[in-house]
Amino acid sequence: MNNKKHIDIPLVAALIPITLLIVGIVLFLVTNGADDIQLFSQPLLILCGFAALSIAIIYRRPLRRPLKISIGKSFTQAVPVLAILLLIGTVSATWMFSGVVPTLICYGMEVLNPNLFLVTACCICAAVSVMSGSSWTTIATIGVAFMGIGIMWGYSPGWIAGAIISGAYFGDKVSPLSDTTVLASSTCGVPLMSHIRYMMFTTIPAMLLAIIVYLLVGLNTLPETGESNMEILDKLHGTFNITPLCLLIPVATLLILALRAGTIKTLVISTVLGIIGIFMLQPQLLPSIGSAPVSDSAALNHIRTIIGILTTRTSLNMDHPLLDSLVTTGGMAGMIPTITLVLSALFFGTAMMASGLLSVIINSIMRRLKRKGKIVSSTAATGLLLNCFTGDQYLSIILCGNIYRNLYRRRSLDTRLLSRTIEDSTSVTSVLIPWNSCGLTQSAVLGVATLAYFPFCIFNIASPLVTLLMGFVSVGSLKRQVA
């Protein structure tokens with residue numbers, strides 16, 4: 001008699017974990033601000049995950065097999081993400097001490113117009129991301145340099161990060177080399193280039209809005225220039241060998257990405273190039289970076305220094321507070337807090353899926369869908385919710401496509417509308433969620449809290465809003481496309 005049939009979980013009960021999560025975050029923001037939200041999110045996500053599993057037990061839901069399947073999926077998606085996070089830490093460190101980032105900062109401050117900085121950063125990041133197909137790599141490389149330039153000119157870190165992220169995610173979204181773009185089109189059964197062309201209806205207006213906003217903000221900003229900037233440039237030139245040769249490393253990285261070598265392989269090669277650059281372009285830094293010699297062999301001491309750069313916090317004394325923080329890197333160790341939070345988010349997503357609460361919420365939404373506008377709105381809302389529940393954009397894209405693909409076909413809606421809506425609501429919003437792998441990574445790389453840059457990611461905010469607007473007008477979306 002103990003093996004009774006499980007009881008259906010009501011929607012109110014299914015919403016308890018996400019309600020706890022939202023209420024907890026709001027209360028923390030009100031009392032403590034946004035700076036330490038990621039430290040608080042980790043135990044909160046674990047607590048909400050256990051709440052989801054407890055609800056499943058209360059309603060006699062079977063958990064053993066669903067948990068096994070969900071854990072397998074989470075492990076599969078977590079391994080490459082964790083590897084990328086560690087490698088981003090090594091790339092950031094080696095690009096700093098090989099002189100790549102200081103060189104980009106110096107050249108940028110000498111060439112760029114300070115009032116056009118935000119719009120320039122957005123457009124250049126967009127171009128690099130289109131060529132590379134990777135927002136993560138773009139932000140971890142050229143984005144870090146733009147953060148340095150913008151801070152030197154006195155721009156708010158939130159505005160700088162917002163412009164960088166907007167450009168990087170625009171390029172990632174429309175690039176045929178992007179893994180998320182390929183995933184969204186293939187999940188929905190839409191040819192890749194057809195998917196990209198159809199996205200232009202929403203992507204171009206959102207990007208134009210972002211460019212206009214960043215242009216207006218820059219024109220109405222009084223950047224810090226003059227003697228303070230000259231002092232910064234002098235210190236950078238005095239510490240690093242600022243030379244065009246340093247730019248060979250990012251150029252080689254872009255070529256490798258264009259050859260579709262894959263993100264992990266590209267980051268490994270970029271790290272190796274950065275290490276070579278330290279020895280060949282900045283050999284004068286090795287004694288000041290490393291600690292006291294532990295061996296009579298200079299080679300062994302240099303190897304020890306490189307290992308320290310790759311794995312631990314490393315800094316240089318620049319006798320300038322702003323530059324001291326700029327040239328300090330965390331290596332792999334700097335990404336550990338982000339990794340632990342990613343794992344906490346994956347636990348929460350695993351618990352929501354295995355407990356069946358996610359299915360209850362989505363099925364409740366699906367039952368109310370009749371008109372095209374509501375279907376598009378629901379698709380966008382589901383993509384955003386999946387980003388919150390699963391903590392990973394890849395799984396969110398796959399789940400959203402599988403949930404809605406048959407519904408779009410039954411209602412004779414163009415499947416391009418589905419793939420476009422998923423991209424607009426899932427790929428670009430993942431970076432706005434503090435516990436999503438994208439939000440965690442970009443926050444760690446740029447050194448700006450997710451909720452601090454959230455309001456300034458104009459493109460990422462505008463994309464789902466534009467797609468909702470387009471969902472209520474008939475722009476090639478009433479009839480199913482026949483390939």
Side-chain angles (χ1 to χ4, degrees), residues 33-35 92 95-96 100-129 135 138-171 206-236 242 250 318 320-329 431-432 439 441-462:
D35 291 341
S92 298
W95 278 37
M96 179 62 71
V100 173
V101 174
T103 297
L104 289 171
I105 290 174
C106 288
Y107 288 170
M109 294 182 69
E110 292 169 356
V111 174
L112 299 179
N113 184 323
N115 290 105
L116 300 179
F117 168 73
L118 290 179
V119 70
T120 302
C122 179
C123 292
I124 292 179
C125 286
V128 172
S129 193
S135 56
T138 299
I139 294 170
T141 53
I142 192 73
V144 173
F146 276 123
M147 277 299 301
I149 297 171
I151 290 173
M152 300 303 175
W153 277 334
Y155 278 95
S156 164
W159 274 111
I160 305 168
I164 292 167
I165 290 170
S166 288
Y169 274 79
F170 166 83
M207 188 59 173
L208 287 176
L209 177 62
I211 289 174
I212 292 171
V213 171
Y214 295 134
L215 179 62
L216 292 176
V217 171
L219 292 176
N220 287 278
T221 299
L222 294 176
E224 296 179 4
T225 56
E227 294 184 1
S228 60
N229 279 354
M230 291 303 299
E231 179 187 0
I232 289 171
L233 290 174
D234 289 342
K235 286 186 177 294
L236 287 174
I242 305 301
M318 302 281 289
H320 192 288
L322 192 58
L323 288 176
D324 286 344
S325 63
L326 176 69
V327 300
T328 298
T329 62
V431 73
L432 305 178
T441 301
Q442 310 321 338
S443 174
V445 170
L446 298 177
V448 184
T450 307
L451 295 180
Y453 66 63
F454 183 115
F456 310 109
C457 295
I458 309 301
F459 172 76
N460 304 73
I461 295 172

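Contact between Ile458 and Ser166 at its shortest, heavy atoms only, is N-OG, 3.3 Å. Contact detail for Pro455 and Leu451: the closest heavy-atom pair is CD-O, 3.6 Å. Shown here for Gly162 and Cys457, the closest heavy-atom pair between the two residues is CA-SG, 3.8 Å. What you find for Leu104 and Ile142 is that their closest heavy atoms are CD1-CD1, 4.0 Å. Between Cys122 and Met207, the shortest heavy-atom contact is SG-CE, 3.4 Å. In terms of heavy-atom proximity, Ile139 sits nearest to Val445 at O-CG1, 3.9 Å.
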side-chain contact (heavy atoms from CB on, under 4.5 Å) between Thr120 and Phe117, worked out: CA-CA 5 Å; Thr120 302; Phe117 168 73; 5.7 Å; no

Verify side-chain contact (heavy atoms from CB on, under 4.5 Å) between Thr329 and Ser92, making sure each step is shown before the conclusion. CA-CA 7 Å; Thr329 62; Ser92 298; 5.6 Å; no

Check against side-chain contact (heavy atoms from CB on, under 4.5 Å), Ile105 and Leu236: CA-CA 9 Å; Ile105 290 174; Leu236 287 174; 4.0 Å; yes

Evaluation steps, side-chain contact (heavy atoms from CB on, under 4.5 Å), between Ile461 and Phe454: CA-CA 8 Å; Ile461 295 172; Phe454 183 115; 4.1 Å; yes

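With 3.5 Å as the limit, one finds no donor-acceptor pair spanning the side chains of Ser443 and Tyr453.
Screening Leu112, Asn115, Ile160, Thr221 for a side chain to side chain contact (heavy atoms under 4.5 Å, CB included) involving Trp153 leaves a single residue, Leu112.
Residues Leu219 and Leu116 form a side-chain contact, since some pair of their non-hydrogen atoms from C-beta on lies under 4.5 Å apart. With a 4.5 Å cut-off on side-chain heavy atoms, Cys123 and Ile211 count as touching.
Side-chain atoms of Thr138 do not come within 3.5 Å of backbone N or O of Cys125 as any donor-acceptor pair. Although no hydrogens or angles enter the test, the distance criterion places no donor-acceptor pair under 3.5 Å between the side chain of Ser135 and the main chain of Tyr169.
Here Ile242 contributes atom CD1 and Cys106 contributes atom SG; the two are 4.0 Å apart, rounded to the nearest 0.5 Å. Interatomic distance, CE of Met109 versus CG of Leu233, reported as 4.5 Å (0.5 Å rounding).
Taking the six-membered ring for Trp and thresholds of 30 and 60 degrees, Tyr214 and Trp159 have ring planes more than 60 degrees apart, a perpendicular arrangement.
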